[in-house]
J.: 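Take this structure, written in structure tokens, and hold onto it; I'll ask about it next.
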Amino acid sequence: MPVFNEPMPRRTMVLFFLVDASSSMEGGKIGAVNDAIRNVLPMVNDISVNNNDAEIRVAVLKFSSGVEWVYSEPKLASDFEWLDIQAAGLTDMGEACRELSRKLSRSAFMKSEGGFFAPAVILLSDGHPTDDFAAGLNSLKRNKWFMKGIRVAIAIGNDADKDALAQFCLDKEGVFDVHDIESLRKVIRLVALTTSQIGSTSATTADTTKQGQVIAAVKQGIENNKPSSVEEGKLEPAEPKKDNWTDWD
């Protein structure tokens, strides 16, 4: 009898969102984050469905006074029903680092029949860590999945601790700052789609890492007012770096 080979399972790439849900995010900031991630999930799903190399799963960790995963395991974007995050409490960014490190393990989130690409992690915050961020980040830096992954941060407003975000990314070039609601929505979308596309492919170039490719692509999307990597929407020309507090409210 003829033998039909089963198709090999695709590898998995997990797209992580680490969302600051502290009280300073209340109002327009957390509303824009909720809206942007909810609306980008179908686009991430399209990238995953049409990708021969890997499927993309999504995991969301919110941190304030403590940390909590939106779902207990990474989910396909098509199965991810977005539940609005509410803002209250402090900014336990150090504990968020420790919790991410715990899950970046083959005994936790990094288990798949087909294997894994290194993850992509997007950190969003508008303030300063209120716990022991240095200890938490040092723990995360010992995690090989994190060190091999893509790391991008979005600094929301003038009060965001861009030094801490740069330390998280291991590269200040990985931090992108926004100062109004509409830019926040658009940059979240651009970063999520760019990391999804680049992080979930086997294609690499000899002279740059996936981290470098993502940073370059996001910068190009912002600076040149070009469509994002899946031709969805446009970014506005660069605005002066001042907060539009009316929009945040």
Side-chain angles (χ1 to χ4, degrees), residues 14-42 44 58-75 77 80-103 120-134 136-137 140 151-169 174-192 195 239 241-249:
V14 182
L15 173 64
F16 288 91
F17 291 94
L18 273 57
V19 179
D20 182 347
S22 62
S23 58
S24 59
M25 288 286 290
E26 189 175 9
K29 294 177 185 178
I30 198 65
V33 170
N34 283 321
D35 183 63
I37 299 179
R38 180 190 302 108
N39 286 304
V40 84
L41 288 173
V44 172
V58 179
V60 179
L61 178 68
K62 56 184 179 180
F63 60 95
S64 54
S65 297
V67 300
E68 182 182 357
W69 293 99
V70 172
Y71 286 100
S72 60
E73 62 182 5
K75 286 184 170 289
F80 203 112
E81 181 180 354
W82 184 255
L83 306 174
D84 279 353
I85 294 173
Q86 304 300 317
L90 302 176
T91 310
D92 288 352
M93 195 183 295
E95 181 56 30
C97 291
R98 282 186 286 268
E99 177 61 19
L100 177 61
S101 184
R102 294 182 193 111
K103 296 303 184 183
V121 185
I122 303 171
L123 171 62
L124 303 98
S125 178
D126 75 332
H128 293 250
T130 53
D131 62 347
D132 192 346
F133 172 69
L137 182 60
L140 186 56
R151 304 163 304 274
V152 179
I154 299 175
I156 304 170
N158 287 332
D159 292 332
D161 188 341
K162 290 198 282 188
D163 287 339
L165 299 182
Q167 291 175 49
F168 179 89
C169 296
V175 181
F176 299 91
D177 57 313
V178 296
H179 296 270
D180 60 80
I181 292 295
E182 192 58 28
S183 294
L184 177 56
R185 290 193 183 100
K186 291 176 179 179
V187 172
I188 289 173
R189 180 176 61 192
L190 176 64
V191 169
T195 55
E239 295 287 341
K241 292 189 176 181
K242 60 181 181 179
D243 281 344
N244 187 334
W245 296 110
T246 300
D247 283 350
W248 290 141
D249 293 339

J.: Give a yes or no answer on whether the side chain of Asn39 reaches the backbone of Asp35 with a donor-acceptor pair at less than 3.5 Å.
T.: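 The answer is yes, because a donor-acceptor pair under 3.5 Å joins these two groups.
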
J.: Using side-chain heavy atoms (C-beta onward) and a distance below 4.5 Å, is Ile156 in contact with Ile154?
T.: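 When only atoms from C-beta onward are counted, Ile154 and Ile156 do touch, with a gap below 4.5 Å.
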
J.: Using modelled atom types only, decide if a donor and an acceptor are shared between the side chain of Asp92 and the backbone of Gly66 within a distance under 3.5 Å.
T.: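 Yes, the answer is positive, given that a donor and an acceptor are paired below the 3.5 Å cut-off.
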
J.: With a 4.5 Å heavy-atom cut-off, do Val152 and Val121 have their side chains touching?
T.: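 No, side chains not in contact.
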
J.: Checking Glu95 now: which residues fulfil salt bridge (charged side-chain N to carboxylate O under 4.0 Å, His left out) with it, not counting sequence neighbours?
T.: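 Testing Glu95 for salt bridge (charged side-chain N to carboxylate O under 4.0 Å, His left out), a comparison that skips the adjacent residues, returns Arg98, Arg102.
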
J.: Would you check if Ile37 and Val58 make a side-chain contact, meaning some heavy-atom pair closer than 4.5 Å?
T.: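 Not touching, per the 4.5 Å side-chain cut-off.
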
J.: Which residues satisfy the side chain to side chain contact (heavy atoms under 4.5 Å, CB included) test with Ala166, sequence neighbours excluded?
T.: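 Residues passing side chain to side chain contact (heavy atoms under 4.5 Å, CB included) with Ala166: Lys172, Val175.
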
J.: Taking side chain to side chain contact (heavy atoms under 4.5 Å, CB included) as the test, write out the residues that go with Leu61, two or more places apart.
T.: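 Checked Leu61 against side chain to side chain contact (heavy atoms under 4.5 Å, CB included); matches are Leu18, Val67, Trp69, Ala96, Glu99.
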
J.: Would you compute the distance between atom SG of Cys97 and atom CZ of Phe168 and round it to the nearest 0.5 angstrom?
T.: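 These two atoms lie 5.5 Å from each other.
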
J.: Just verifying a value: how many Å separate Phe16 CZ and Ile122 CD1, rounded to the nearest 0.5 Å?
T.: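 Reported value, rounded in 0.5 Å steps: 11.5 Å.
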
J.: Nearest 0.5 angstrom please: Leu137 CG to Met93 CE, how far?
T.: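 Rounded to the nearest 0.5 Å, the CG-CE separation comes to 10.0 Å.
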
J.: Using only atom types and a distance under 3.5 Å, with no angle test, would you say the side chain of Asn34 pairs donor to acceptor with the backbone of Ile85?
T.: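 The answer is yes, because a donor-acceptor pair under 3.5 Å joins these two groups.
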
J.: Return the set of residues passing side chain to side chain contact (heavy atoms under 4.5 Å, CB included) with Ser22 (not counting sequence neighbours), or none when no residue passes.
T.: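 Checked Ser22 against side chain to side chain contact (heavy atoms under 4.5 Å, CB included); matches are Asp20, Ser24, Met25, Thr91, Asp126.
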
J.: Does any part of the side chain of Phe80, heavy atoms only, come nearer than 4.5 Å to the side chain of Val70, both counted from C-beta?
T.: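 In short, these two side chains touch, coming nearer than 4.5 Å.
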
J.: List the residues meeting salt bridge (charged side-chain N to carboxylate O under 4.0 Å, His left out) with Asp84, not counting sequence neighbours, and say none if there are none.
T.: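 With sequence neighbours excluded, Asp84 shows a salt bridge (charged side-chain N to carboxylate O under 4.0 Å, His left out) to Arg38, given in chain and number order.
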
J.: Name all residues meeting the salt bridge (charged side-chain N to carboxylate O under 4.0 Å, His left out) criterion together with Glu68; count only those two or more places apart in sequence or in a different chain, and write none if there are none.
T.: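 By the salt bridge (charged side-chain N to carboxylate O under 4.0 Å, His left out) rule, Glu68 matches Lys62.
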
J.: Would you compute the distance between atom CG of Leu140 and atom CD of Gln167 and round it to the nearest 0.5 angstrom?
T.: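 The CG atom of Leu140 sits 12.0 Å away from the CD atom of Gln167.
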
J.: List the atom of Lys29, the atom of Leu184, and the distance in Å for their closest heavy-atom pair.
T.: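 In terms of heavy atoms, the two residues are closest at O-CD2, 3.7 Å.
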
J.: Determine yes or no for a side-chain-to-main-chain donor-acceptor pair under 3.5 angstrom, with Ser183 supplying the side chain and Asp180 the backbone.
T.: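 No: the side chain of Ser183 does not pair with the backbone of Asp180.
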
